[in-house]
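In what follows, every heavy atom counts, from backbone to side chain, and hydrogens, waters and symmetry copies are set aside. Bear in mind that the values here come from a model prediction, so they are computed numbers and not experimental data. Each chain gets a letter, A, B and so on, in the order its sequence line appears, and its residues count up from 1.
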Amino acid sequence: MTEIRSDFLKVFTERGYLHQCTDLDALDKAFADEIVTAYIGFDCTAKSLHAGSLMQIMILRRLQQAGHKPIVLMGGGTTKVGDPTGRDESRPLITDDTIRENMDGIKKVFEKFLTFGDGPTDAIMVNNADWLDKLEYIPFLREYGPHFSINRMLTFDSVKLRLEREESMTFLEFNYMILQAYDFVELMKQYNCSLQIGGSDQWGNIVNGVELGRRTNGFSLYGLTSPLLTTSSGAKMGKTAGGAVWLNEDMLSAYDYWQFWRNTEDADVGRFLRLFTQIPLDEVARLEKLEGAELNEAKKILADACTEMAHGKAAAAAAAETARQTFEMGQTSEGLPTLEIPKSELADGIPAATLFQRTGLAQSTSEARKLIKGGGARLNDEKIDDEKAVLSLADLDGEGRIKLSAGKKRHYLVLPV
RNA sequence: GGAGGGAUGCCUGAGUGGUUAAAAGGGACGGACUGUAAAUCCGUUGGCUCUGCCUACGUUGGUUCAAAUCCAACUCCCUCCA
């Protein structure tokens, strides 16, 4: 193909967001000549999005910065059906109430990354339940059904893999791709949205939408996908000791979020800097060349930049400072996660295992006991040897608090009140 | 509607009357080594008021001194036939 001309696609390819495109040349021309409206859909299966969706969010942010219009499509309708892509089993059905709650939680994160409003390049958020809920079965089937070939649908990975693995796929799930295709056409009609972006696993769904638009209305639609993200050691992106790396502060603290990025594998630093920060490419090139322990500096810059975007400058700085005190100075920092317990309870004595369980450092008191037995539990930085140890006021440190640690990285402060 | 196969711990998957909280692998967590990395090695991996007790092999009931293992019914899934 010829040289890429548009600013957006230049950034998109240089930074490593590009996986596939339905027609890169034509799309490049569109981006160079006009304001393109593009959308990415998000399922409402949890109260917050997690790091796995961060790449899509960054893409919308970049799109807006390059002078185009992003649409955040909330899957209020499609979540009721459940995307079978990449799943061996049907999703459990989610109730309407839960979907609504999830959507409210997810909305919050976009305000941090995008500028919403009524201007030509302001982001908008729409909910596909607005049109999907109203569909009438027979008219919909008659109008759109003829454009879908079952033969073809069976060849899409989302369906094919299920059938090959001899897992069942219900008719409900089978319809997901039809609805997603219809979304695209609807967004084109309502908002002149001509581009759908998504992860590479969404390719089949996206292509369906592009074709449906062409067949029903003669639209010229485009599809663009980003690579599926895994860490260099092959693990799925977005897991940490405590579970998923949520983007909402009430699901995962800024400190833990910062820690997640700080713990990036060496081999991923450059890639993550390009994908998840806006640090200039020449600076990224310099950072990723650092060797050995020096690479840790790059990881801190990555963590700072990511945390700043998701939680704000102040929270990022606080998280970095807490980490510095905890790991580099070996001190007890105010910024660590904190649990308050009644002073009277501590005066009576409280088993260490129970306290570990209450902070969440251990899932159960049994697990806490095993942690102690295995030598991974510490009290004010001293190893706990007795799994039946009982803590009391005598265990408070000079500052009047107790620091509990599970392993080297997970710490908690217990404050008597 | 008919015939057959299946449902085991976070996941995959062995076990087909007692020594089974249940092999093995994966994942996860902890330890060692390091650089708050990876790889490697070691340990742990149902819960609790923990030398004991309680719950667990789809659900419910039964046989037995004893069941994940045998029987019956039910639920769900798969395959083939109509």
Quick tally for nucleotides 44-49 of chain B: nucleotides whose base has a protein heavy atom under 4.0 Å get B, sugar-phosphate-only ones S, the rest -, giving SS-SBS
Would you mind telling me which residue lines up with the more 5' stretch of RNA chain B, A:L371 or A:R262, judged by nearest nucleotide?
-> A:L371
May I have the step-by-step check of side chain to side chain donor-acceptor pair (under 3.5 Å) for A:Q65 and A:Q278, ending in yes or no?
-> CA-CA 11 Å; A:Q65 287 170 348; A:Q278 304 209 82; 3.2 Å; yes
Taking the side chain from A:K299 and the backbone from A:T264, do they hold a donor-acceptor pair closer than 3.5 Å?
-> yes
Under a 4.0 Å N-O cut-off, is there an ion pair linking A:R401 with A:D397?
-> yes
Across the strands shown, which category fits A:T264 at heavy-atom distances under 4.0 angstrom: base, sugar-phosphate, nothing?
-> sugar-phosphate
Side chains of A:N296 and A:R262: do they bring a donor and an acceptor to under 3.5 Å?
-> yes
Out of B:A32, B:G30, B:U36, minimum distance to the side chain of A:A323 belongs to B:U36
In whole angstrom, give me the gap between the P atoms of B:A73 and B:A21.
-> 30 Å
Classify the nucleic acid contact of A:G292 as base, sugar-phosphate or nothing, counting any heavy atom under 4.0 Å across all strands shown.
-> base
Mind checking side-chain hydrogen bond (donor to acceptor under 3.5 Å, both in side chains) for A:N248 and listing every partner two or more places apart, or none if nothing turns up?
-> A:S48
Hey, does A:K299 reach any base, or is it just sugar-phosphate, or nothing, if we go heavy atoms under 4.0 Å?
-> base
Treating a pair as Watson-Crick (purine N1 to pyrimidine N3 plus N6-O4 or O6-N4) or G-U wobble (N1-O2 and O6-N3) with both distances under 3.5 Å, list the stems of 3 or more consecutive pairs that involve RNA chain B.
-> B:1-7 with B:75-81, B:10-12 with B:24-26, B:27-32 with B:40-45, B:46-48 with B:52-54, B:58-62 with B:70-74
